[in-house]
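A short worksheet on the structure shown next.
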Amino acid sequence: MNVFRLLGDMSHLLAILILLLKMWKTRSCAGISGKTQILFALVFTTRYLDLFSSFISIYNTTMKLFFIASSYFTIFLMYSKFKATYDSNHDSFRMEFLVVPVGGLAFLVNHEFLPLEILWTFSIYLESVAILPQLFMVSKTGEAETITSHYLFALGSYRLLYIFNWVYRYYFDGFFDLIAVVAGCVQTILYCDFFYLYITKVLKGKKLSLPA
Amino acid sequence: VDYTASKDEL
């Protein structure tokens, strides 16, 4: 555990808390993509199956359980409790366009052809593109609430901080995982346009709106 | 190249 990894995890945790707090306080999930949230639940479920096979630390187990539980709780809020506020018309990205190619890629490009390893690889690839339905939704409506922007910024920062963590681990631990690094870079690149808008607009007190 | 160490990441 290094400082970048810890900051990355805290940023990820903060993103989830911001999202839950936004929904709970406003009693609404307007502007949030249910597709992205379903994909995240799939990501956590397929990646953390090792909860049953190996124990790493209390921290590790606690975080994994929290990520899984919060992702399903978010889906419950969106598709059940606050269903009336869910903006399904603008959430029209097709999940199968991501899940199917990513599933195929996980079968073809992995470290070891084992069920758990393939599922782990699938989750890494899927996480890298899981934000696309959300970004698609923001571009379709042309705007995002400020609280949603904070959520996306924290979520994007998490993988950027993981890249610093991988650079650190490469130099100081001799550790390198090509699959995680490439997918992590793809994931971070997808946020670049958003980061630019966040810094130039939201941080200056303006609402995030896209030029028509 | 060590990849198994990535499994402690979240």
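The structure displayed is predicted, hence computed values, not measured ones. Each chain gets a letter, A, B and so on, in the order its sequence line appears, and its residues count up from 1.
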* **Heavy atoms from other residues, nucleotides or ligands near CG of A:Leu203 exceed 12 (cutoff 6.0 Å)** => yes
* Near A:Phe107 CZ, under 6.0 Å, is it more than 12 heavy atoms from other residues, nucleotides or ligands? -> no
* **Derivation of the side chain to side chain donor-acceptor pair (under 3.5 Å) call for A:Asn165 and B:Glu9** => CA-CA 10 Å; A:Asn165 155 59; B:Glu9 291 181 348; 3.0 Å; yes
* To do: Grab the two heavy atoms, one from A:Tyr158 and one from B:Leu10, that are nearest each other, plus how far apart they are.
  => OH-O, 4.0 Å
* Asked: Between A:Asn60 and chain B, which part of the residue has a heavy atom less than 4.5 Å away: side chain, backbone, both or neither?
  -> both
* Asked: Take atom CZ in A:Arg27; do more than 12 heavy atoms of anything else shown fall under 6.0 Å from it?
  -> yes
* Toward chain B, the part of A:Phe44 with a non-hydrogen atom under 4.5 Å -> neither
* Asked: What option among A:Glu112, A:Met1, A:Glu127, A:His12 has the most heavy-atom pairs under 4.5 Å with chain B?
  -> A:Glu112
* Count the heavy atoms belonging to other residues, nucleotides or ligands that lie under 6.0 Å from CZ of A:Phe55, then report whether that count exceeds 12. => yes
* Of all of A:Trp166, A:Tyr48, A:Trp120, which one pairs up most often with chain B through heavy atoms under 4.5 Å apart? -> A:Trp120
* To do: Using a strict 4.0 Å threshold on nitrogen-to-oxygen distance, state whether A:Arg169 and B:Asp8 make a salt bridge.
  => yes
* **A:Tyr59 atom OH, over 12 foreign heavy atoms within 6.0 Å** => yes
